[in-house]
**Q** 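Before anything else, here's the structure in question.
Just so it is clear, the structure is predicted and the values come from calculations on it, not from any experiment. In each ligand, atom 1 is the first atom listed, and ligand 1 is the first ligand listed.
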Amino acid sequence: MKLLSAPASPFGRKVKIVAIEKGMMDKIEYVAMATAPSAPSETLARDNPLIKIPTLVLDDGRSLYDSFVICDYLDTLHTGSKVLPAAGTRRWEVLTVHALGSGIADAAILCRYENVLRPEALRWPDWTQGQMKKIAGGLDWLESNVAVIGNAGASDVDLGQVAVACALGYLDFRFADINWRVARPRLDGWFVEFSKRTSMQRTMPSA
Ligand SMILES: N[C@@H](CCC(=O)N[C@@H](CS)C(=O)NCC(=O)O)C(=O)O
C-alpha cells in the first residue's frame, strides 16, 4: 500500500507513528505529495476527491482517508494492542482526546494557510484569532487533564496520544512563537516524555 503524504503534515505523521509503533512501516511505500487549497494536486485528486493528505492507496487501488480512517484500518492489520480501544470508558476518552489533538492541528493548518498562502491584503486577523482561541482552549484543557491523555512512557500508545503529540509537534514546527509551553508545564512534561519514542524521532516534521 502507498501512503501519500508530506513531511510537514501532522496528520500524515499520525499515520506514520501508528505504522511504526505497530511494526507495519515496511508494508507501506511512502509517496511525497505537495498540495494546498490554492494549488490542489491533480495527482492526489485521482485518489482522494477532497485532495488532502494523508491518503492511503491500497494494493487493489481503493483509497482510504482521512488520517483517522487510515489509522483505524491499520489497527485491523496487526495483532498487538490496539491504538483504538474497542469498548468501555477508555474508548470514549481516547476518541475525544484524538478529536482534540486533531482539532488543534486543523486550526493550526488553517492559520498557516491564512497567513502564508492567502494574499496579504485579503488576510483576516479576527479569523486567525478565532482559530488561535481554539488552539489555546484545547491546550488548556489538555494541561488540566493530562492524566486523561494517558501515560507518556507506557509501552503501548493510543490514537489520542498520537494525535496530541502530532499537534504539539506541529505547533513547535510552525508556531514556535506562540510559546505554548508557557503556563502549561504538565503538558510540556508529557510531550517531553512522549517525544523520546523512536516513532516520534523518526517522524520529525520537515519542510
Ligand atoms: N481531517 C484530515 C485533515 C487533513 C489535512 O487537512 N491535510 C492537509 C495537509 S496537513 C491538506 O491536505 N491540505 C490541503 C487542502 O486542504 O487542500 C485528516 O485527518 O487527514
**Q** Quick one: which of Asp156, Asp72, Val162, Val157 gives a side chain to side chain contact (heavy atoms under 4.5 Å, CB included) with Val83?
**A**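 Of the listed residues Asp156, Asp72, Val162, Val157, the side chain to side chain contact (heavy atoms under 4.5 Å, CB included) partner of Val83 is Val157.
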**Q** Is the closest N or O pair between Phe68 and ligand 1 shorter than 3.5 Å?
**A**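 No; every N/O pair is 3.5 Å or more apart.
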**Q** Would you check if there is a donor-acceptor pair between the side chains of Ser81 and Lys22 at a distance under 3.5 Å?
**A**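 Note: Lys22 and Ser81 side chains meet the donor-acceptor criterion.
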**Q** Can you report which non-hydrogen protein atom sits closest to atom 4 (C) of ligand 1, along with the distance?
**A**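 I find the closest protein heavy atom is Ile53 O, 3.3 Å.
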**Q** Answer yes if the side chains of Lys14 and Ser67 hold a donor-acceptor pair under 3.5 Å, and no otherwise.
**A**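 Yes, a side-chain donor-acceptor pair sits under 3.5 Å.
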**Q** Between Trp180 and Asp172, do the side chains contain a donor N or O and an acceptor N or O under 3.5 Å apart?
**A**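 Present: a donor and an acceptor within the cut-off.
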**Q** Can you find a side-chain donor-acceptor pair between Glu21 and Ser199 that sits under 3.5 Å?
**A**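 A pair is found: one side chain offers a donor N or O, the other an acceptor, under 3.5 Å apart.
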**Q** What atoms in ligand 1 come closer than 4.0 Å to a heavy atom of Ser67?
**A**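 Answer, ordered by atom number: 18 (C), 19 (O), 20 (O).
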**Q** Could you tell me, atom by atom, which parts of ligand 1 come under 4.0 Å of a heavy atom of Ile109?
**A**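 Answer for ligand 1: 10 (S).
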**Q** Answer yes or no: is there an ion pair linking Asp158 with Arg90, defined by an N-O contact shorter than 4.0 Å?
**A**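 Between Arg90 and Asp158 there is a salt bridge, with a charged N closer than 4.0 Å to a carboxylate O.
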**Q** Take every heavy atom of Pro54, measure it against each atom of ligand 1, and state whether any distance is under 4.0 Å.
**A**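 For ligand 1, residue contact (heavy atoms, under 4.0 Å) with Pro54 is present.
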**Q** Which residue and non-hydrogen atom of the protein lie closest to atom 13 (N) of ligand 1, and at what distance in Å?
**A**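 Protein heavy atom at minimum distance: Tyr113 OH, 2.8 Å.
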**Q** Please report which non-hydrogen protein atom sits nearest to atom 16 (O) of ligand 1, along with the residue it belongs to and the distance in Å to one decimal place.
**A**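 That would be Lys52 CE, 3.5 Å.
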**Q** I need the atoms of ligand 1 closer than 4.0 Å to a non-hydrogen atom of Ala36, numbered in the order shown.
**A**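 Selected atoms, number and element: 17 (O).
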**Q** Given Ile51, Asp66, Leu117, which one has a non-hydrogen atom that is nearest to atom 18 (C) of ligand 1?
**A**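 Residue with the shortest heavy-atom distance to the ligand atom: Asp66.
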**Q** Identify the protein heavy atom lying closest to atom 6 (O) of ligand 1, giving its residue, its atom name and the separation to 0.1 Å.
**A**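 It is Phe11 CE1, 3.8 Å.
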**Q** If you have a sec, work out which protein heavy atom is nearest atom 10 (S) of ligand 1 and how many Å separate them, to one decimal?
**A**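 Minimum-distance protein heavy atom for atom 10 (S) of ligand 1 reads Ser9 OG, 3.2 Å.
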**Q** Name the closest protein heavy atom to atom 17 (O) of ligand 1, giving the residue it belongs to and the distance to 0.1 Å.
**A**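 Result: Pro37 N, 3.3 Å.
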**Q** CH2 of Trp92: more than 12 outside heavy atoms within 6.0 angstrom?
**A**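 Not buried by this count: 12 neighbours or fewer within 6.0 Å.
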**Q** Is the closest basic N to carboxylate O distance between Arg184 and Asp140 below 4.0 Å?
**A**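 Counted as a salt bridge, because a side-chain N and a carboxylate O are separated by less than 4.0 Å.
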